[in-house]
Amino acid sequence: MKKTVTCTVCPNGCEIEVDYTTREDAALMGYGCKRGIAYAIDECFEPKRTFTSSVKITGSDRRMMPVRTTAPIPKDLLIKAAQAINSVTLEAPVKCGQVIDDDFLGTKVKLVTTLTLERGDAQ
Ligand code: SF4
């Protein structure tokens with residue numbers, strides 16, 4: 001099977017061609033460094049994405065708090081991730097980087113807030 005992957009690890013955006021049947025026999029062309037090899041192999045066999053969304057918050061004029069995972073999680077889990085955070089409600093005050101879940105969906109990746117919000121803050 002052949003696939004072209006655009007590496008997003010750095011701004012160079014190398015177009016990497018992967019010819020493979022298994023992870024072990026994959027032949028790659030077009031990568032600019034070793035990080036691209038790992039990225040392209042993962043894209044073919046276990047694509048991952050950083051999850052970003054918002055959860056409800058009380059105790060503040062703001063109603064939603066932006067959140068993200070601290071590392072990419074399997075792409076297959078993104079819908080489950082969106083469903084999982086529907087039941088999450090934080091209460092202000094909340095610090096940027098506050099851990100909501102330290103093993104989000106069993107991935108060993110943290111789900112954290114991306115904003116500091118004081119109680120009653122009207123940002
Ligand atoms: S392969 Fe290396 S140089 Fe090319 S985009 Fe990926 S990280 Fe950057």
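Every number for a ligand or one of its atoms is a count from 1 in the order of the listing.
- Within 6.0 Å of NZ on K56 lie more than 12 heavy atoms contributed by other residues, nucleotides or ligands.
- A continuous path of hydrophobic side-chain contacts links I100 to F51 [ILVMFWY only; heavy atoms under 4.5 Å].
- Looking only at side-chain heavy atoms (C-beta outward), T113 and K95 stay at 4.5 Å or farther from each other.
- Under the salt bridge (charged side-chain N to carboxylate O under 4.0 Å, His left out) criterion, R68 pairs with no residue, sequence neighbours left out.
- Residue K75 is tested with E46, K48, E43, R49 for a side-chain contact (heavy atoms from CB on, under 4.5 Å); the sole match is R49.
- V67 and I79 fall into different hydrophobic clusters, defined by Ile, Leu, Val, Met, Phe, Trp and Tyr side-chain heavy atoms under 4.5 Å apart, directly or through other members.
- Shown are the protein N/O/S atoms under 2.8 Å from atom 6 (Fe) of ligand 1, given by residue and atom: C7 SG.
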